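What follows is one structure encoded as structure tokens, with my remarks underneath.
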Amino acid sequence: MTTTTRRELTPRYDSASVEPAIYERWLQSGAFSPSPEPPEGAERFVIIQPPPNVTGSLHLGHATRATVEDTLIRYHRMRGDDTLWLPGVDHASISAQFVLDRILAEEGETRASLGRERYLERMWRFMGETRETIGLQHRRLGASAEWSRLRFTMDPISARAVRTAFKRLWDAGLVYRGEGLVNWCPRCLTTISDLENVHHEEQGTLWTIRYHLAGADGTPDPDRWISVATTRPETLLGDVAVAVHPDDARYAELVGEQAILPFLGRALPIIADPAVEREFGTGAVKMTPAHDPDDYAMAQRHSLPGINIFTDDARINEAGGEFSGLDRYAAREKILERLREMGDLQREQPHQMSVGRCDRCGTVSEPRLSTQWFIRVKPLAERALAAVNEGRTEIVPARFAKVYAHWMENIHDWAVGRQLWWGHRIPAWFCPDGHITVTDAPDGPDACAECGRAASELTQETDIFDTWFSSGLWPFSTLGWPDRTPDFERFYPTTVMETAYDILFFWVARMMMLGLFCTGVEPFRTVLLSGLIRVDGGAKMSKTKGNVIDPLGTIDEIGADALRFALVVGTSPGNDQRLSHAKLEGARNFTNKLWNAARFVTGARPEPFAEPSGEPTLAERWIRSRLAEATERATRQLDALDLGGYTATVHEFAWSEFADWFLEMAKVELRRDGASDGDRARVWATASDVLADLLRLAHPIMPFVTEEIWDTLGSIAPAATAGEPLLITAPWPVAKTREPAVEEEMAALMELVRAVRNLRTESGAAAGAWLPLAIAPVDEAASAAIERGRGYLEPLARVRPIEIAGGEPRPAAVAISPLGAAWLRATPEASDAGARREAQRGELRTGIERLRGLVANPSFTAKAPSDVVARERERLSELEERLRQLGQG
RNA sequence: GGGCGAUUGGCUCAGUCGGUUAGAGCGCACGGUUCACAUCCGUGAGGUCACUGGUUCGAAUCCAGUAUCGCCCACCA
């Protein structure tokens with residue numbers, strides 16, 4: 001055995017100095033990396049980290065991701081599984097530009113002032129900084145990711161995957177370029193997907209406008225008109241028709257006639273279409289196909305063209321006549337003013353309506369007809385849906401499978417092009433003849449795929465991809481796909497995809513679709529959806545409200561372990577959680593509790609240390625049995641991805657069983673006069689063994705403090721740590737055999753202790769006073785148990801001496817327990833003792849009555865399972881025994 | 001307009017296969033400073049499990065409906 005220097009734990013746990021040192025040891029040990037070859041017969045456990053956006057610093061969402069994933073990885077690593085946690089960073093195209101543009105604005109620059117090339121250079125620099133920051137911040141949390149495999153969605157590996165995937169989609173006929181109505185953000189100056197276009201209910205106005213009908217000479221007839229209702233009068237500049245319902249008698253005669261568009265004089269055919277709601281507004285709709293999804297759909301049915309009236313930044317373009325150059329809202333005011341002058345603004349009324357805004361910048365988005373790249377997702381969605389329906393991929397919690405299915409079933413083609421600069425450029429080239437060539441070659445095509453024109457005559461598409469396109473390839477692009485690299489072969493498909501439910505559609509759905517298309521296999525076995533974090537009170541955290549909890553500041557204050565614990569304890573998958581300072585404080589206290597319990601154990605080593613000998617005490621057998629239970633439970637909970645349950649198990653075992661009861665009882669033996677050196681050594685060995693296993697159990701969620709304790713424990717109790725130098729790679733404990741009889745006896749003893757303590761409190765006895773106690777055991781077995789437990793009973797309940805009661809009269813105040821009744825001698829009874837006992841008797845009688853009725857009920861005894869019936873009978877006799885113990889008063 | 005979730009002590013949340021005395025942490029009340037920890041220890045109070053009906057020997061748990069709050073989806077200008 002190697003001789004190591006005996007260390008001791010500092011009086012206080014100083015997370016700030018311990019954590020960096022521990023992390024450095026982990027890194028040095030290579031524990032985060034998978035072994036060169038997969039361990040024989042090992043299960044695989046692979047998490048590809050949802051890439052945190054590179055747009056800022058670590059927030060609580062990132063911290064939660066990292067905590068959950070790290071906890072799972074650490075558990076599986078200890079299990080000896082073939083483990084990989086591959087970290088990554090997303091280039092976050094639109095978000096990154098949004099953030100950088102703000103920074104540039106402070107520097108007095110703009111995207112335009114820099115130009116594409118310099119802007120992208122600046123972006124790469126910015127990315128370098130933030131990637132560094134976010135990586136360091138994850139390390140502070142304790143993330144045991146395989147940093148050498150860190151991937152970035154803009155690195156060449158990812159770029160190649162993007163080109164390959166797109167080429168394959170194109171070859172499969174799943175990509176097309178065509179005209180469609182897309183959401184346009186006039187501030188970000190790009191198309192955004194339906195998912196990025198967020199609808200809010202807002203108060204608007206519904207205006208009724210008079211369109212005069214065309215007279216015989218084609219000019220507006222002052223006496224005949226049709227009135228239309230609109231919330232967006234400025235769009236009338238793009239009107240191409242007026243629509244009414246075919247069965248609407250009010251307008252039946254007008255169908256086929258023409259109305260004259262104010263200002264522009266354009267003739268608008270009045271058409272009939274069943275999509276028009278007769279009850280809404282006037283029952284007649286102005287049709288602006290280029291700027292309204294409904295109108296666009298209708299126009300397609302009637303072969304009407306769309307007229308785009310906006311510039312990129314939502315000013316009226318040259319199609320708007322006198323209003324050209326005005327901002328959309330200025331144009332609205334002007335148009336309303338002019339209509340009012342003409343007497344054709346008939347009505348205005350407040351109106352609740354749904355307004356789409358850019359998810360990124362909050363600007364009101366503009367539906368706009370344009371030519372775009374689309375991915376035909378229906379065939380992809382079918383496979384992705386089937387994978388979940390048929391159980392090849394499981395979504396946790398299961399209810400999200402329905403949400404997923406609904407989305408997949410109603411999916412629309414994905415407008416995948418973005419008019420941004422930061423991202424992967426779409427690998428498509430146009431030839432002067434209008435042919436399109438898509439290639440996965442890094443340097444572009446050699447010639448037009450259709451007419452063979454030389455590459456020099458081709459121009460590349462300037463659009464880039466929606467950032468989620470590259471994210472959608474993440475589970476396999478990170479492993480080297482499209483090559484069948486060793487990593488890909490070994491780690492794909494992955495095991496758990498953990499993320500927050502708010503990006504189920506954005507990301508998880510896209511990974512499922514693209515993963516199945518590209519690799520033919522579901523990209524992960526399980527999708528674990530975590531909830532979002534709210535502040536205490538239920539509101540979303542927001543910087544403007546100043547109610548943000550900063551994870552890094554929290555780590556500074558209370559340590560990463562406490563933060564990790566607080567982020568997970570009491571949560572369940574898919575449900576939001578409220579994080580409060582009180583909760584963080586509780587987690588900090590728990591860290592401290594572990595530390596102090598360990599400090600006691602490591603400091604209590606008997607000197608000189610003898611060979612352990614003698615029979616284990618009741619307390620030792622009990623705590624080992626409880627440890628077995630906790631181990632079994634924690635293992636089951638981690639396997640079920642129930643981190644909330646797992647943390648509760650660890651907390652309960654460590655605090656309520658190990659520290660509160662076992663360590664107190666161990667002190668009794670360690671300090672007992674008659675105890676031999678072997679006895680003391682044995683008890684201490686039990687304490688250190690159990691502590692060691694507790695550290696193993698707690699390690700996945702609280703890696704730093706457990707590792708630090710492990711280090712010291714190993715120097716003092718090498719047997720307990722089995723010579724494992726690092727906890728991070730120590731094996732997960734195996735649940736040993738439980739001893740139900742021991743647990744039962746201890747439970748009875750504990751109950752007696754509590755009851756006597758209660759009695760002391762009630763009687764107003766001085767807290768430190770040693771009081772004589774009398775006990776009337778229920779039977780021989782109880783009597784024997786009391787004898788065995790006497791050594792614990794005395795110090796824990798602070799009673800001495802304990803006598804077995806003879807025929808003396810009982811006072812009103814007795815403590816009752818499964819072992820028997822007990823009462824204090826020579827202590828004045830509290831004045832209300834009699835009343836309290838009577839109340840207790842009342843409760844017992846009620847319970848007994850109910851149970852008697854139950855077991856006497858023939859349908860209960862006939863229909864309930866026999867073990868339930870037996871349990872109820874037993875409970876009944878327990879209650880009867882308790883009542884007997886209390887006496888008849 | 002559809003869908004989902006939540007509703008359990010003052011607060012934040014657990015609650016397995018339906019099993020009859022529903023748990024935890026915080027807070028509260030009372031008591032406690034030698035011997036790991038006041039970031040602690042002990043004792044206690046506090047719940048008609050949102051409401052109504054149903055299924056069942058038995059419901060916080062299953063079913064139907066209602067209410068309140070929250071979220072998601074959806075092309076009524």
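Model, not experiment: these values are computed from the prediction. Throughout, a chain's letter reflects where its sequence line sits, starting with A, and its residues are numbered from 1.
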Check: Without hydrogens or angle criteria, can the side chains of A/T571 and A/Q577 be said to hold a donor-acceptor pair below 3.5 Å?
Finding: no
Next item on the list: Nearest 0.5 Å please: distance from the CG atom of A/L529 over to the OH atom of A/Y404.
Entry: 11.0 Å
Checklist line | Nearest-angstrom distance, P atom, B/A29 to B/C69 | finding: 34 Å
Next item on the list: Report the residue (A/H651 or A/A864) whose heavy-atom-nearest nucleotide on RNA chain B is the more 5′ of the two.
Entry: A/A864
Check: Looking at B/G19, B/G5, B/A77, which one has an atom nearest to any side-chain atom of A/M353?
Finding: B/A77
Note to self: Counting only side-chain nitrogens and oxygens, does A/R875 get under 4.0 Å of the OP1 or OP2 atom of B/U20?
What the structure shows: yes
Next item on the list: Taking only the side-chain nitrogens and oxygens of A/R850, find out if one of them lies under 4.0 Å from OP1 or OP2 of B/U21.
Entry: yes
Next item on the list: Nearest 0.5 Å please: distance from the CH2 atom of A/W184 over to the NE2 atom of A/H291.
Entry: 12.0 Å
Notebook entry, point to check: Which whole-number value in Å describes the distance from A/F860 CZ to B/G58 P?
Noted result: 11 Å
Check: Reckon A/R399 has a side-chain N or O less than 4.0 Å from the OP1 or OP2 of B/C4?
Finding: no
Next item on the list: For A/L584 and B/G25, give me the distance from atom CG to atom C1', rounded to whole Å.
Entry: 13 Å
Note to self: Taking the six-membered ring of A/F658 as reference, does the cationic atom of A/K593 (NZ for Lys, CZ for Arg) lie under 6.0 Å from its centre and within 45° of its axis?
What the structure shows: no
Note to self: Would you compute the distance between atom CD1 of A/I716 and atom CZ of A/R605 and round it to the nearest 0.5 angstrom?
What the structure shows: 7.5 Å
Checklist line | Nearest-angstrom distance from the residue atom OH of A/Y501 to P of B/C73 | finding: 11 Å
Checklist line | Length of the line joining A/E878:CD and B/U20:P, which is rounded to integer Å | finding: 13 Å
Margin query: Regarding A/V569, tell me which of base, sugar-phosphate or nothing describes its non-hydrogen contacts under 4.0 Å with the strands shown.
Written below: nothing
Notebook entry, point to check: So with a 6.0 Å cut-off around CD of A/E874, is the heavy-atom count from everything else above 12?
Noted result: no
Note to self: Can you build the contact string for nucleotides 34-44 of chain B? Use B for base contact, S for sugar-phosphate-only contact, and - for no protein heavy atom under 4.0 Å.
What the structure shows: -SBB-BSSSSS
Margin query: Roughly how many Å apart are B/G27 and B/U12, using the P atom of each and rounding to a whole number?
Written below: 15 Å
Notebook entry, point to check: Of the nucleotides B/U20, B/C75, B/G5, which has the atom closest to the A/R871 side chain?
Noted result: B/U20
Margin query: The side chain of A/L851 is closest to which nucleotide in this list: B/C13, B/U20, B/A14?
Written below: B/U20
Margin query: Judged by each residue's nearest nucleotide on RNA chain B, which is more toward the 5′ side, A/T231 or A/E201?
Written below: A/E201
Checklist line | Integer angstrom distance from the P of B/C51 to that of B/C11 | finding: 15 Å
Notebook entry, point to check: Should we say atom CZ of A/R250 is surrounded by more than 12 heavy atoms from elsewhere, each under 6.0 Å from it?
Noted result: yes
Next item on the list: Ignoring the backbone of A/H406, work out which of B/C76, B/U21, B/C73 is nearest its side chain.
Entry: B/C73
Next item on the list: Look at the side chain of A/F505 and decide which nucleotide, out of B/U21, B/A77, B/C73, has an atom nearest to it.
Entry: B/C73
For residues 556-568 of chain A, which side-chain N or O atoms pair as donor and acceptor with protein atoms under 3.5 Å away, sequence neighbours left out?
residue	atom	partner	partner atom	Å
A/D556	OD1	A/R140	NH1	3.4
A/D556	OD1	A/R140	NH2	2.7
A/D561	OD1	A/F704	N	3.1
A/D561	OD2	A/F704	N	3.3
A/D561	OD2	A/V705	N	2.6
A/R564	NE	A/I701	O	3.0
A/R564	NH1	A/D70	OD2	2.8
A/R564	NH1	A/L141	O	2.9
A/R564	NH2	A/D70	OD2	2.8
A/R564	NH2	A/P700	O	2.8

Note to self: If I take atom CZ in residue A/R760 and atom P in nucleotide B/C30, what distance separates them, rounded to the nearest angstrom?
What the structure shows: 20 Å
Checklist line | Base-paired stems that RNA chain B participates in, counting runs of 3 or more Watson-Crick or G-U pairs under 3.5 Å | finding: B:1-7 with B:67-73, B:10-13 with B:23-26, B:28-32 with B:40-44, B:50-54 with B:62-66
Notebook entry, point to check: Does A/S572 make a side-chain N or O approach to OP1 or OP2 of B/A14 shorter than 4.0 Å?
Noted result: yes
Next item on the list: Figure out the CG/P separation between A/L796 and B/G32, and round it to whole Å.
Entry: 20 Å
Next item on the list: Could you tell me the separation between the CZ atom of A/R368 and the P atom of B/C75, rounded to a whole number of Å?
Entry: 20 Å
Item checked: Between B/U8 and B/U61 - P atom distance, rounded Å -> 14 Å
Notebook entry, point to check: So A/E8 and A/T602, side chain to side chain contact (heavy atoms under 4.5 Å, CB included) or not? Walk me through it.
Noted result: CA-CA 7 Å; A/E8 57 180 33; A/T602 53; 5.9 Å; no
Notebook entry, point to check: Rounded to the Å, how far apart are A/D413 CG and B/C75 C1'?
Noted result: 16 Å
Next item on the list: Take atom C1' in B/U56 and the same atom in B/C76, then report the distance between them in whole Å.
Entry: 48 Å
Notebook entry, point to check: Taking the C1' atom of each, how far is B/U21 from B/C62, in whole Å?
Noted result: 23 Å
Check: If you measure from the P atom in B/G25 to the same atom in B/G5, how many Å do you get, rounded?
Finding: 30 Å
Next item on the list: Flag the pair A/H245 / A/F280 as yes when their ring centroid distance falls below 6.0 Å, and as no otherwise.
Entry: no
Check: Can you tell me if NE2 on A/H200 sees more than 12 non-hydrogen neighbours from other groups inside 6.0 Å?
Finding: yes
Check: Using the C1' atom in both, what is the distance from B/U7 to B/G15, to the nearest Å?
Finding: 15 Å
